[in-house]
Number of protein chains: 2
Amino acid sequence: MPATIREVARKADVSVATVSRVLNGSDSVRPATREHVLETAQALQYIPNETARSLSQKQTRTVGVLLPDMHGQFFAQVIQGIEEQAQAQNYHVLVSSSHSEEEEARTMIRAMLGRVDGLVIMWPKSRVPFLSETIPKGLPTILLNAPAVEGASFALNFDNRRGARNVVRHLIEHGHRRIAMLAGASENHDARERLAGYRSALEEADLAADDDYVIGGDFTRESGYEAARRVLALSPSPTALFAANDSMAIGALRGLQEEDVRVPDDLALAGFDDIPTARFMMPGLTTAHVPMRRLGERAFEHLLAVLSGEAPDDGGAETLATELIRRTSCGCPPS
Amino acid sequence: MPATIREVARKADVSVATVSRVLNGSDSVRPATREHVLETAQALQYIPNETARSLSQKQTRTVGVLLPDMHGQFFAQVIQGIEEQAQAQNYHVLVSSSHSEEEEARTMIRAMLGRVDGLVIMWPKSRVPFLSETIPKGLPTILLNAPAVEGASFALNFDNRRGARNVVRHLIEHGHRRIAMLAGASENHDARERLAGYRSALEEADLAADDDYVIGGDFTRESGYEAARRVLALSPSPTALFAANDSMAIGALRGLQEEDVRVPDDLALAGFDDIPTARFMMPGLTTAHVPMRRLGERAFEHLLAVLSGEAPDDGGAETLATELIRRTSCGCPPS
DNA sequence: CTGTTAGCGCGTTCAC
DNA sequence: GTGAACGCGCTAACAG
């Protein structure tokens, strides 16, 4: 239905090569010719067939993005970070969300093969086994929030351990000595790192790290809500609670308030991520800010770099710093 | 780098046509031949080049999705709805978020042209002028949350007006007679409809609709937070506040609580959307549930229908019902 | 500067 | 059943 380059060429009385030249801005074409071609292209409402271009240029100018199912707020921010950079470079973004199941992820990756020039995969699970088996050698791949780099071109992580340690340190500075932790799923890489950060802060302050004080959760608000009760059952009672992410902290806050526990007076609380709502909780949630959008941006930037041969393809890594955000749930005065 | 169909054919000692046949499942091929081809394809790690397939089949099996910048849960949910359906039908999703600027949207649409078989565009602004000028005739387009259907194949909306009316009615049932509204931007279609619903509920109950009681916002938490002060300055004081979306309601709740206003005792509060956090606010936020994910699913379903000729391409419309969710911010007892 | 031509990788008639 | 050959729309040498 739409006009092809050939029709434009015929109508403008030039060759397809010339049309191609003027449309791709490049080469040398006589200004008069150029203008004439441009006009007839306009008149014919000519739109280049991107599929054909991709085929002949052997590049799709598209990156595939695979994200886990959860991470509601993250989803948006990461993609927007990627998308913004991509857009600026005339690249496109093909998304697909696996449901955190290995087999499904495999399927999705296979489906994207041949449609993308590179991949960005967020895979917070501990096992990252499928990469080398599923992704063809030579397809640049950026791994997000994943424990290992094997088979990937590059890995991007937050500084979870240090961030968590800073949060817990801050709680300690407030005078707390019995600090419980609401942990994430043990097979989640971020969750493990944050737990490790918690432990190292405790150790560094010569505080006992009682395993009973580590309560299991799964990063959902619901699990945080349910954990509140278990925290209150702890003996001796902790005076502070560090949740491995804000969603759980928000769930826990709700659960605590239902039990008339005052935060931070009866129990100080801190989270991780600094999701947008954290600031609007009452009290405001102290947390570690995680640059989600930046993660997406860096992922694309680096992908583009290896795509254009400016960066090696053999597994570098980078860590993005987090920042302690003091609000009032930890006991800090309102600013 | 990857193997082509030709190599498979040569290695298997058959023609490319045969390879193509077995790979596309169809036609009649001798079982022995089929198996042999399958094996060598496997051995060569053959992966069909999707770009080439698209070119020869004149279809990309890809849908483009254009969403406004407004971050938040919506983004994720709508895309996931679309993506899930697409995945099931072996389609792909190309995303791109405009920044709510017409010109930018145009650019993004143009960039996707020739790469997609259809478009899903969310455009809550009142003016939807660019469609017919920018989108080639014949490219199926589903419009989301938009006021008009001109030039689109189909339009999908929430029942904002009815939903808002129900929320306000509920507030009235609680005995409130002075109900203020925290409205969204006036150029936003959803916001206008919700305002209209508010007004009709008031009218229906013979309550005065004082314009002073309508406070302007922009759907962000921040605008809700700032609006809280203005609500408190109203005279006579309203006894209930209806926010046009949950984000603003959450911002307002925070602002009110900072002023020691008790919700719902001093001021009842209700929102709209039922975002995941609404339930975890303290008090729980009464709101209208909006099936965001379903919106995405329906969008793809219908797009596929027109793509396969099962549905007309000439501008039908559908409205998705919302549901009143009673929590405690309106004065309802905890369940 | 510009036109001709050969692919890009695959689906698909149309003969055999 | 199977193979040869053409075409999808465009880019990229290679000639002029």
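These numbers were taken from a predicted model, which means no experiment stands behind them. Naming convention: chains lettered A, B, ... in sequence-line order (proteins, then strands); numbering from 1 in each chain.
- Distances shorter than 4.0 Å separate none of the side-chain N or O atoms of Lys58(B) from OP1 or OP2 on dG7(D).
- A donor N or O paired with an acceptor N or O is not found under 3.5 Å between the base of dG1(D) and the side-chain atoms of Arg34(B).
- Residue-to-nucleotide proximity on DNA chain D shows that, of Ala52(B) and Pro31(B), the 5′-proximal contact is made by Pro31(B).
- Neither OP1 nor OP2 of dC10(D) sits under 4.0 Å from any side-chain N or O of Ser54(A).
- Residue Thr51(A) is out of contact with every strand shown, counting any heavy-atom pair closer than 4.0 Å.
- At least one side-chain nitrogen or oxygen of Thr18(A) sits closer than 4.0 Å to the OP1 or OP2 atom of dG3(C).
- Note: CZ (Arg10(B)) to P (dG3(D)) measures 15 Å, nearest angstrom.
- Phosphate proximity of dG3(D) to Ser15(B): present, with a side-chain N or O under 4.0 Å from OP1 or OP2.
- Nearest to the side chain of Leu55(B), among dC10(C), dG1(D), dG9(D), sits dG9(D).
- Minimum heavy-atom separation, Phe158(B) to Thr319(B): C-CG2, 3.8 Å.
- The side chain of Ser56(A) places no N or O atom within less than 4.0 Å of a non-bridging phosphate oxygen (OP1 or OP2) of dA12(D).
- Arg6(A) has no side-chain polar atom (N or O) that falls below the 4.0 Å cut-off from OP1 or OP2 of dC10(D).
- Regarding contacts with the backbone of dC10(D), every side-chain N or O of Ser20(A) stays at 4.0 angstrom or more from both OP1 and OP2.
- Residues Val65(A) and Val95(B) are not in side-chain contact: their nearest non-hydrogen atoms beyond the backbone lie 4.5 Å or more apart.
- For the pair Glu84(B) and Arg293(B), the salt-bridge criterion is met [side-chain N within less than 4.0 Å of a carboxylate O].
- Here Asn24(B) reaches the OP1 or OP2 of dG11(C): one of its side-chain N or O atoms lies under 4.0 Å away.
- Look at Arg53(A) and you won't find any side-chain N or O under 4.0 angstrom from OP1 or OP2 of dC10(D).
- Per the geometry, CD1 belonging to Ile47(B) stands 15 Å off C1' belonging to dC10(C), to the nearest Å.
- Taking atom CG on Leu23(B) and atom P on dT12(C), their separation rounds to 13 Å, with Å as the unit.
- Following rounding to the nearest Å, Asn49(A) (CG) and dG9(D) (P) show an atom-to-atom distance of 7 Å.
- Nucleotide dC8(C) holds its P atom 11 Å from the CD atom of Glu7(B), rounded to whole Å.
- What you find for Ala9(A) and Ser15(A) is that their closest heavy atoms are CB-C, 3.7 Å.
- Protein atom CD of Gln59(A) is 12 Å distant from nucleotide atom C1' of dT11(D), rounded to whole Å.
- Look at CZ on Arg21(B): it is 11 Å from P on dG1(D), rounded to the nearest Å.
- Comparing Val14(B) and Gln57(B) by the nucleotide of DNA chain D whose heavy atom lies nearest to each, the residue mapping closer to the 5' end is Val14(B).
- With dG3(D), dT2(C), dG9(D) as the candidates, the nucleotide lying closest to the side chain of Ala17(B) is dG3(D).
- When every heavy atom of Leu55(A) is checked against every heavy atom of Ala52(B), the shortest pair comes out as CD1-CB, 3.9 Å.
- Counting to the nearest Å, the C1' atom of dG9(C) and the CZ atom of Arg115(A) are 14 Å from each other.
- At dT2(D), one or more side-chain N or O atoms of Arg30(B) fall inside 4.0 Å of OP1 or OP2 (strictly under the cut-off).
- Residues that satisfy the side-chain contact (heavy atoms from CB on, under 4.5 Å) test with Ala299(B), not counting sequence neighbours, are Val120(B), Ile142(B), Leu144(B), Leu156(B).
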